[in-house]
Amino acid sequence: MAQPFSRNKVERRTFLKGAALIGAAVPLGGAVLVACGTNEPAATATRPLPAGTIPPDMVGHSNAPTTAAAAAGAPAAQTADGMDAMQKRVVDQFLANTKSPITKGKGNVPLQPVIDNGVKVFNLTMDEVEWEVSPGQKEKGFGYNATIPGPVIRATEGERVRIVVKNNLKESSSIHFHGLVVPNAMDGVPFLTQEPIKPGATFTYEFTLRNSGTHMYHSHHNAADQVNRGLLGAFIVDPKDPAKYPKYDREYIMVLNDVALGFTINGKGFPATDALTAKKGERVLIRWMNEGMMNHPMHLHGMPMEVFARDGYALPSPYLCDTLDVAPGNRYDTIVEATEAGAWAFHCHILSHAEGPQGMFGLVTALIVSE
Ligand SMILES: [Cu+2]
């Protein structure tokens, strides 16, 4: 297939337009991406970046401009063509990722409970894990059941749940159920409500789900390191009466994080982030949660988001926006009506979390709407 745009005059807007042309074909046919040459494996070796190319606030943050483009021997960014080639390369990788994963490891997998006397029992472990954040970028992470984010815990308002967790780490930990109304002893704060869960030990949490909504679970021990490294996950409580929740056709959970593993959505940095896909006319539910240490104003091109719940509580007046600032600890429930076909960039608008000389990275994905 011909290049949909000139390589000599590529700028960001053109890239995205090109991505839209390619992306629109993605759900329909198989050969498009191969023709774009995106199937080559990413090299694992990293090369030093040209001096001065790392945004100041990204120094020490490992996933920013160390894109696979730089790693795989793409031209350095000293020239316009060199910079453009690197930027194209990561977009091509992202589009290839919509066909088959370009990194190992996947988080947010639904966790099937075991039923014990009417109680839904969820079994978790806390593990050290080598986590591939973006192609070739492997980090020392911590994960529940060895994934980042941990598995999705999901149940219905009014149900009783038991979470049994074994600590396989070399340090103590605990789990806090962020947003859930629980008995104090189940709140997961070491020395305030429980003893820390020591290495090798198992702890059991049990409570009845009193409030529905988009919630989270995460470590509350050495949290700036443990949560940042990946001890986090989504805890979704569906309302007892489904009529109380807006109708939707597809659902996505978007867990934001930063610093230790770089800027990530669901444990991956662009180009390894999963695209959101929809058919034109569908209502796409997106559940946002920020487990990181910075605000992330998430911006969708092309269509607005309707925000109808914050922290699991229905808003009295839902509102439309195209940029939603998700602060650490916040959750938002939003619906996008997929009225516009194409591949629409969806990214944090603190631009040093999203795009540099080597191309887009970190908190970037796309909503790909097919006809
Ligand atoms: Cu951000």
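Numbers for residues simply follow the sequence, beginning at 1. Below, each value reflects all heavy atoms present in this structure, side chains not excepted, and no hydrogens, waters or symmetry copies. We count ligands from 1, going down the list as the structure has it; atoms in each ligand are counted the same way. Since the structure is predicted, the reported quantities are computational estimates derived from the model, not experimental observations.
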I'd like to verify the contacts: list protein N, O or S atoms under a distance of 2.8 Å from the Cu ion (ligand 1).
H296 ND1, C348 SG, H353 ND1
Do F177 and V237 come close enough that some side-chain heavy atom pair is under 4.5 Å?
no
Student check: side-chain heavy atoms of F203 and E195 closer than 4.5 Å:
no
How far apart are the C-alpha atoms of H215 and H178, what are their side-chain angles, what is the distance that settles it, and do they pass the ring pair (Phe, Tyr, Trp, His ring centres under 6.0 Å) test?
CA-CA 6 Å; H215 303 300; H178 183 109; 8.4 Å; no
Between H347 and H301, does the ring centre distance come in under 6.0 Å?
yes
Ring pair (Phe, Tyr, Trp, His ring centres under 6.0 Å) evaluation trace for Y245 with F308
CA-CA 10 Å; Y245 201 80; F308 63 92; 5.3 Å; yes
Which word best sums up how the rings of H176 and H218 line up, parallel for under 30°, tilted for 30 to 60°, or perpendicular for over 60°?
tilted
